[in-house]
Amino acid sequence: MRAERTFVDDDAVTAAIEEVDNSGLVTLLEEFVHLPRGRRRTLHLRSLLIGLHLCTQATGGKIVLERVTDILYFRTTPRMRALLDIPENPDHDQGFEAAYAVVRRLFHAMKDAMNPSPLPCNKNLSRKEARELAANAAPDDLAEREQRLALFTEFILDASVRPLHSLLSELAEVSLGVDATPVRTFSRGRHTNGPELATDPDAGWYVREGDHRDPPRPSPAPCVHPRRPPRRAAPKLPSARRRPRSRRSTCSATTPT
């Protein structure tokens, strides 16, 4: 990653700052991420969202925390890092790992504030425990988390299609949609009717039902070639008669005995 590193242009960072400030996500999520107690975070939520926005430009809409760390701490100019209040980290393995740990902790804190599921991940829950947790969850709290997740998803989708904004503004009627493509999860599955849930309780086995093949294409019309007129025989041209080649007589001299 270090060998392929190039600085991010200041204009791109400025555009990302404007997008983040206009999204309203900082005000919406700040109280759940920057708590008044404990040690102060060295990376602000606003800077993380700017890094996520810039990461989608480089990865085609994907969020890779290693790329986010590289962009925020090592690929932005010193002037932009000072503007975003990002501390300087040494550019070696230990410095990158320390910066990555800061980004990862902040991202997971933000994710927990947007998780609309009442069930914890990364552990196999029994179905009895899952039913108790779902029954004791506050529906209003889950609805607020789902609303935060929807706003964050719209922010990421809009950032991923930012290079197409000029094209979309020129078209009169344009709509974007997300299909129902299955997404593989980092989860340890269990039997569908077993006593335990998967480590990601909201994931399940994908069963492909029905016929998903494309409809058959209509057979093309037979190609009719124009009929060619029959080929006429070439006229015979008069040819000069060849004279018979005269053979030279060969005689052998005999010597009288």
Side-chain angles (χ1 to χ4, degrees), residues 8 12-76 80-81 83-87 89 96-123 133 137-162 178 183-187 199-203:
V8 180
V13 180
T14 304
I17 293 174
E18 183 179 355
E19 292 288 337
V20 171
D21 292 341
N22 294 335
S23 67
L25 288 174
V26 177
T27 306
L28 186 66
L29 299 172
E30 190 173 18
E31 60 176 314
F32 304 100
V33 175
H34 297 286
L35 302 178
R37 61 183 182 275
R39 189 172 59 179
R40 177 180 175 272
R41 293 187 183 273
T42 59
L43 183 66
H44 197 272
L45 173 64
R46 178 170 176 260
S47 302
L48 175 63
L49 292 174
I50 292 169
L52 296 177
H53 187 282
L54 293 172
C55 181
T56 57
Q57 310 299 309
T59 61
K62 298 178 183 179
I63 293 178
V64 184
L65 295 185
E66 290 87 349
R67 292 288 187 91
V68 176
T69 304
D70 190 50
I71 290 173
L72 289 177
Y73 285 86
F74 304 104
R75 290 184 57 191
T76 52
M80 283 298 169
R81 286 199 295 269
L83 180 64
L84 298 176
D85 196 17
I86 298 176
N89 273 40
F96 185 88
E97 290 295 332
Y100 175 70
V102 172
V103 171
R104 186 179 65 247
R105 286 194 297 266
L106 182 58
F107 178 82
H108 281 282
M110 180 185 66
K111 179 181 66 67
D112 293 340
M114 299 184 297
N115 185 13
S117 176
L119 306 179
C121 297
N122 301 325
K123 63 180 299 185
L133 290 174
D140 295 338
D141 182 36
L142 298 181
E144 290 181 3
R145 293 185 182 184
E146 187 173 3
Q147 180 64 22
R148 298 176 202 138
L149 180 62
L151 294 176
F152 177 77
T153 305
E154 291 178 3
F155 168 75
I156 294 298
L157 288 176
D158 184 72
S160 64
V161 298
R162 182 175 178 81
V178 180
V183 179
R184 186 184 298 273
T185 61
F186 297 94
S187 174
T199 53
D200 187 351
D202 295 322

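Because only heavy atoms are used, hydrogens play no part in the values below, and waters and symmetry mates are left out as well, while side chains stay in.
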Distance-only donor-acceptor hits, side chain of residues 43-51, under 3.5 Å, sequence neighbours excluded:
| from | atom 1 | to | atom 2 | distance (Å) |
| --- | --- | --- | --- | --- |
| H44 | ND1 | R46 | N | 3.0 |
| H44 | NE2 | E30 | OE2 | 3.1 |
| R46 | NE | D21 | OD1 | 2.9 |
| R46 | NH2 | D21 | OD2 | 3.2 |
| S47 | OG | L84 | O | 3.0 |

Original post:
Would you say N122 has more than 12 foreign heavy atoms packed within less than 6.0 Å of its CG?
Top reply: no

Original post:
Just wondering, are more than 12 heavy atoms of other shown residues or ligands nearer than 6.0 Å to NZ in K111?
Top reply: yes

Enter the distance from [X]:[atom1] to [Y]:[atom2] here, rounded to the nearest 0.5 Å.
X    : Y    : atom1 : atom2 : result
L54  : E19  : CG    : CD    : 11.0 Å
L83  : R81  : CG    : CZ    : 12.0 Å
F152 : L28  : CZ    : CG    : 11.5 Å
K62  : I156 : NZ    : CD1   : 14.5 Å
E97  : E66  : CD    : CD    : 9.0 Å

If every non-hydrogen atom of [X] is compared with every non-hydrogen atom of [Y], which pair is closest and at what distance?
X    : Y    : answer
P87  : T42  : CD-O, 3.6 Å
A137 : L142 : CB-CD1, 3.9 Å
L149 : M114 : CB-O, 3.4 Å

Original post:
Among all residues two or more places apart in sequence or in another chain, which pass the ring-ring contact (aromatic ring centres under 6.0 Å, His included) test with F107?
Top reply: none

Within the side chain of [X], is there an N or O that forms a donor-acceptor pair under 3.5 Å with the backbone of [Y]?
X    : Y   : result
R67  : T59 : no
T56  : H53 : yes
R105 : R41 : no

Subject >> Worked check of side-chain contact (heavy atoms from CB on, under 4.5 Å) between L25 and V20 >> reply: CA-CA 7 Å; L25 288 174; V20 171; over 6 Å; no

Looking at side-chain heavy atoms only, is the closest gap between [X] and [Y] below 4.5 Å?
X    : Y    : answer
L65  : C55  : no
D141 : R145 : yes
L151 : S23  : no

Subject >> CA sep, side-chain torsions, deciding dist, call: D70, Y100, side-chain contact (heavy atoms from CB on, under 4.5 Å) >> reply: CA-CA 8 Å; D70 190 50; Y100 175 70; over 6 Å; no

Original post:
Got a sec, which residues hit salt bridge (Lys or Arg N to Asp or Glu O under 4.0 Å) with R40, two or more places apart in sequence or on another chain?
Top reply: D85

Subject >> Face-on cation placement of R148 at F32 ring, 6.0 Å and 45° thresholds >> reply: yes

Original post:
Out of T14, V8, L72, which residue meets the side chain to side chain contact (heavy atoms under 4.5 Å, CB included) rule with M80?
Top reply: T14

Original post:
Taking the six-membered ring for Trp, are F96 and F74 parallel (under 30°), tilted (30 to 60°) or perpendicular (over 60°)?
Top reply: parallel

Subject >> V68 and R104: CA distance, side-chain angles, deciding distance, side-chain contact (heavy atoms from CB on, under 4.5 Å) verdict >> reply: CA-CA 10 Å; V68 176; R104 186 179 65 247; over 6 Å; no

